[in-house]
Amino acid sequence: MFEGAMPALITPFTKDDRIDREGLRRNIAFVEEGGVSGIVPCGTTGESATLSALEHEEVIDIAVECAKVPVVAGTGSNNTGEALQFTKHAADAGVDGVLLISPYYNKPNPAGLLAHFKKIAEAVDIPMILYNVPSRTGQDMPVDVITKLAKVENIVGIKEASGNVGKVSQILEQTIDDDFVVLSGEDGLTLPIISVGGSGVISVAANIVPDKMSGMVNAALKGDYETARKIHFEIAPLIRALFLETNPIPAKKAAELIGLASGHLRLPLAPMSDANQLKLVTELKRLGVMK
């Protein structure tokens with residue numbers, strides 16, 4: 001179930017700063033039409049850090065209600081109790097799996113990391129995907145911690161955004177006897193990660209070009225690297241543009257520019273600069289997704 005291209009959904013807001021429910025439903029339909037294999041609400045791209053607990057639950061409920069593909073809900077927190085609360089709600093709502101970021105700011109030691117994830121895994125019987133993103137958490141999860149957690153029955157994989165393909169290879173090597181998947185957490189490294197055994201990507205770009213991202217990933221998973229490389233190089237400039245500023249600033253602007261539901265960014269994120277927006281527009285037009 002946990003393979004292919006899965007967009008880390010943006011969270012659209014109305015002018016009065018509520019969840020744009022209908023807009024979220026339209027966006028989910030758009031990426032599904034583009035061939036994605038699943039959706040991931042309430043991740044970093046979904047501005048989860050500024051969602052209230054009720055909003056977090058609302059977004060997950062909407063996703064489960066309308067999605068035709070598997071839903072992997074972001075339920076992580078740097079507060080183990082809060083992460084457990086979010087995960088229990090997601091399980092009750094009917095998600096297919098959850099994505100749990102390693103605790104940010106706290107920077108727990110290895111024993112703390114193991115205890116955090118094991119406590120949640122033991123309390124909620126649902127497939128769990130770890131999320132390692134040092135640029136956000138200030139900590140790179142050690143390989144030995146990841147491999148120990150891979151032996152926990154319902155911890156089924158990891159979203160790796162360390163930028164280190166060598167580390168990804170080491171994780172796959174050391175979990176070869178476990179039913180454990182590695183998903184790229186960086187769009188630009190998806191193809192090389194699949195080449196060493198990765199199963200897909202949880203993607204920002206799949207919000208905007210779901211067809212192309214799905215096409216690249218599916219081709220690579222079938223071993224058609226010629227096609228996959230062609231698409232990789234075609235969309236690489238857009239991927240770079242989507243990370244000119246802190247995610248999801250460019251992604252929400254891109255969504256707005258191509259007619260998807262987007263709305264404002266919540267502070268402390270501020271709108272994209274004019275210069276970077278011009279670069280983004282250039283790439284959207286080059287790919288034909290914006291007229």
Side-chain angles (χ1 to χ4, degrees), residues 6-34 36 38-79 81-101 104-105 131 136 202-208 210 242 245-273 277 280 284 289-290:
M6 296 180 278
L9 296 173
I10 64 170
T11 302
F13 298 118
T14 62
K15 290 182 179 179
D16 60 353
D17 201 34
R18 299 177 184 273
I19 304 297
D20 182 353
R21 298 177 180 181
E22 290 308 312
L24 178 59
R25 292 185 178 98
R26 291 197 306 274
N27 288 357
I28 291 171
F30 171 76
V31 296
E32 287 181 332
E33 289 168 8
V36 301
I39 57 171
V40 183
C42 293
T44 305
T45 309
E47 297 176 83
S48 58
T50 59
L51 297 179
S52 70
L54 288 176
E55 288 174 328
H56 196 282
E57 294 177 356
E58 180 182 5
V59 169
I60 291 172
D61 289 344
I62 292 169
V64 171
E65 170 207 336
C66 71
K68 299 175 183 177
V69 295
V71 177
V72 179
T75 60
S77 171
N78 68 332
N79 176 335
E82 183 176 61
L84 181 54
Q85 176 186 337
F86 285 153
T87 303
K88 285 181 175 178
H89 167 265
D92 290 343
V95 302
D96 299 277
V98 292
L99 178 70
L100 286 149
I101 194 169
Y104 42 88
Y105 191 78
Y131 181 17
R136 296 279 186 170
I202 295 178
S203 166
V204 176
N207 283 286
I208 310 304
L242 287 171
E245 297 185 19
T246 303
N247 178 48
I249 295 171
K252 291 199 85 170
K253 174 53 68 173
E256 176 190 323
L257 291 168
I258 67 172
L260 296 174
S262 176
H264 60 274
L265 295 151
R266 280 186 171 169
L267 289 171
L269 297 183
M272 195 174 191
S273 72
Q277 184 175 322
L280 179 62
L284 292 171
V289 294
M290 176 186 172

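Since the model is a prediction, treat every value here as computed from it, not as a measurement.
Ion pair E245/K253 not flagged as a salt bridge, since none of the NZ, NE, NH1 or NH2 atoms sits closer than 4.0 Å to an Asp/Glu carboxylate oxygen.
Residue H56 holds its NE2 atom at 10.5 Å from OG1 of T50, rounded to the nearest 0.5 Å. Between the CG atom of L24 and the CG atom of L260 there is a distance of 11.5 Å, given to the nearest 0.5 Å. Between atom NZ of residue K15 and atom NE2 of residue H264 there is a gap of 12.0 Å, rounded to the nearest 0.5 Å. Note that CG of L265 and CE of M272 are 10.5 Å apart. Values are rounded to the nearest 0.5 Å. The CG atom of L242 lies 14.0 Å from the NZ atom of K252; values are rounded to the nearest 0.5 Å.
Between the side chain of R266 and the backbone N or O of D17, at least one donor-acceptor pair lies under 3.5 Å.
For the pair I208 and M290, the minimum side-chain heavy-atom distance is 4.5 Å or more. With contacts defined as side-chain heavy-atom distances shorter than 4.5 Å, the pair P250/V204 does not qualify. Here the side chains of L9 and T45 are not in contact, with every heavy-atom distance at 4.5 Å or above. In this structure, F13 and S262 have side chains that are not in contact, with every pair of non-hydrogen atoms separated by 4.5 Å or more.
What you find for V36 and P210 is that their closest heavy atoms are CG1-CB, 3.8 Å. Listed here is the closest heavy atom pair of I249 and P271: CG2-C, 4.1 Å. Nearest approach of N27 to P12, heavy atoms of both residues: ND2-CG, 4.2 Å. The shortest non-hydrogen separation linking E47 to T11 is OE2-O, 4.0 Å. Residues G76 and F86 approach most closely at O-CD1, 4.3 Å, considering heavy atoms. Here the closest heavy-atom approach between residue M6 and residue V40 is recorded as CB-CG2, 4.1 Å.
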- Item | Check against side-chain contact (heavy atoms from CB on, under 4.5 Å), N247 and R136 | CA-CA 11 Å; N247 178 48; R136 296 279 186 170; 3.7 Å; yes
- Item | CA sep, side-chain torsions, deciding dist, call: Y131, T44, side-chain contact (heavy atoms from CB on, under 4.5 Å) | CA-CA 11 Å; Y131 181 17; T44 305; 4.1 Å; yes
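Side-chain N/O atoms of D16 and T14 include a donor and acceptor closer than 3.5 Å.
Residues meeting the salt bridge (charged side-chain N to carboxylate O under 4.0 Å, His left out) test with E57, sequence neighbours left out: none. With sequence neighbours left out, the side-chain contact (heavy atoms from CB on, under 4.5 Å) criterion links A91 to V124, I126.
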Enumerate, atom names and distances included, each donor-acceptor pair closer than 3.5 Å involving a side-chain atom of residues 63-75, sequence neighbours excluded.
residue : atom : partner : partner atom : Å
E65     : OE1  : R25     : NH2          : 3.2
T75     : OG1  : T87     : OG1          : 2.9

